Amino acid sequence: APSPGPTPVTVGNYFCQTVTQAVEQITAADLTVGVIWPDDHQTDWLVHIQYPTAGSSVPPGTAVHLFVKSPSEPGC
């Protein structure tokens, strides 16, 4: 019989969290931090869009990409 694959990980909801908080939670969940855009972001910027989306079931180590914006911009 084929061996079972790794247990899927559920992607958290990082919306409106700071880059620092999101990175900590992503790594704690056995996921990998992917691209954080824009490149010139600050650690206190807030997550506006993430991929994969919150609640997605993905293999451990999957990269989570974040689109972030300055806390001075509207949206959170």
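The structure displayed is predicted, hence computed values, not measured ones.
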Legend entry - Cluster overlap Phe67 with Val47, hydrophobic side-chain contacts below 4.5 Å: no
Legend entry - Shortest non-hydrogen contact between Leu31 and Thr62, atoms and distance: CB-O, 3.6 Å
Inset, instruction - Indicate whether any N or O donor in one side chain lies under 3.5 Å from an N or O acceptor in the other, for Ser70 and Ser72. - result: yes
Legend entry - Hphob cluster co-occupancy, Trp37 + Ile49, side-chain heavy atoms under 4.5 angstrom: yes
Inset, instruction - Quick one: closest heavy-atom pair of Tyr14 and Gln25, and the distance? - result: CE2-CB, 3.8 Å
Legend entry - Nearest-0.5 Å distance that lies between atom NE2 in His41 and atom CG in Leu46: 12.0 Å
Inset, instruction - Would you please classify the geometry between the His48 ring and the Phe15 ring as parallel, tilted or perpendicular, with 30° and 60° separating the classes? - result: tilted
Legend entry - Thr32 side chain vs Gly61 backbone, donor-acceptor pair below 3.5 Å: yes
Inset, instruction - Specify the closest pair of heavy atoms between Pro8 and Ser57, including all atoms of both residues, with the distance to one decimal. - result: CB-OG, 3.1 Å
Inset, instruction - Looking only at non-hydrogen atoms, find the nearest pair between Pro52 and Val58 and report the distance. - result: CG-CG1, 4.0 Å
Legend entry - Least distance between heavy atoms, Pro60 atom then Asp30 atom: CB-OD2, 3.3 Å
Legend entry - Any donor-acceptor N/O pair, Gln50 side chain to Gly12 backbone, under 3.5 Å: yes
Inset, instruction - Would you mind reporting whether Thr53 and Val11 have side-chain heavy atoms less than 4.5 Å apart? - result: no
Legend entry - Over all atoms of both residues, closest heavy-atom pair of Leu66 and Ala22: CD1-CB, 4.0 Å
Inset, instruction - Rounded to the nearest 0.5 Å, what's the gap from OG1 on Thr20 to CD on Gln42? Could you check? - result: 10.5 Å
Inset, instruction - Give, for atom CD1 of Ile26 and atom CD of Gln21, the distance between the pair rounded to the nearest 0.5 Å. - result: 11.5 Å
